[in-house]
Amino acid sequence: QNTFQRCSNLEEVFFPSSLKTIEELAFHRCTSLVRVRFPDKLEETGNMLFHSCTSLRMVDFPASIRKIGDLSFYGCALDTVVIRGKIENVSESLFQEMHSSPEIFVPTSDISMYTLLNQGSVHPLDEYVPNAIDDVNIIKMANHECFDLSGRRLAMPPAKGVYIDS
């Protein structure tokens, strides 16, 4: 509990691949944290996980996730949330008190449930394309949105440049 609370200079976290649980308020007020990608075995997170992480823009949960605690994104201004797993009981407060309306990517069977909980856009998981330069093939701009060559919308434009694979 409160593992990294108030670590205002924490920008990035690397988790052990064996991590299965993260306690509540683990990243409370980590105001420099920008992006979090959890390891493949993570199953559960505690309440208010990213409470007041004002710089947090992207969170990626693995297919193994089964529970995301209440008010996990309270006070955040997220752009993108990727939930690859089937959450057993999604809390109505999961996306409450946010400073943004993020794009959320979830399994197709869960789209209607997340649409009721979120003010932003909810998309099928197969439309999500990571925006790290080494993960992006050729992209093109159309109406201020980025797409890969398969027509899948990118959550965010890449930070710099474009990687073109021949």
Under 3.5 Å: donor-acceptor pair, side chain of [X], backbone of [Y]:
X    : Y   : value
S64  : D40 : yes
S52  : H28 : no
R37  : F61 : no
S55  : T31 : yes
S100 : D79 : no
T45  : G69 : yes

task = Compare every heavy atom of P62 with every heavy atom of F38, then report the nearest pair and how far apart it is.
result =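 Closest approach of F38 to P62: CB-CD, 3.7 Å.
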What residues form a side-chain hydrogen bond (donor to acceptor under 3.5 Å, both in side chains) with [X], not counting sequence neighbours?
X   : answer
S91 : D70, S93
R29 : none
K67 : none

inquiry  = Going by ring pair (Phe, Tyr, Trp, His ring centres under 6.0 Å), name the pairs with one or both residues in residues 63-93, residues two or more places apart or in two chains.
reply    =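 Residue pairs with at least one partner in residues 63-93: H51-Y74, F73-F95.
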request  = Please list all pairs passing the salt bridge (Lys or Arg N to Asp or Glu O under 4.0 Å) test where one or both residues lie in residues 105-121, with sequence neighbours left out.
outcome  =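 For residues 105-121: K86-D110.
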request  = Enumerate the residue pairs fulfilling salt bridge (Lys or Arg N to Asp or Glu O under 4.0 Å) with a member in residues 44-54, sequence neighbours excluded, ordered by first and then second residue.
outcome  =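 Non-adjacent pairs meeting salt bridge (Lys or Arg N to Asp or Glu O under 4.0 Å): zero.
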message = Is there a side-chain contact between V13 and L33 in this structure, where contact means two heavy atoms from C-beta onward sitting under 4.5 Å apart?
response =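 Yes; the side chains approach each other to less than 4.5 Å.
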query = Any ion pair linking R35 and D60 (charged N to carboxylate O, less than 4.0 Å)?
reply =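 Between R35 and D60 there is no salt bridge, as every charged N stays at least 4.0 Å from the carboxylate O atoms.
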request  = Please report the C-alpha distance between V36 and F27 in whole Å, then the side-chain angles of each, then the deciding distance to 0.1 Å, and finally whether the side chain to side chain contact (heavy atoms under 4.5 Å, CB included) criterion is met.
outcome  = CA-CA 11 Å; V36 175; F27 300 100; 5.5 Å; no
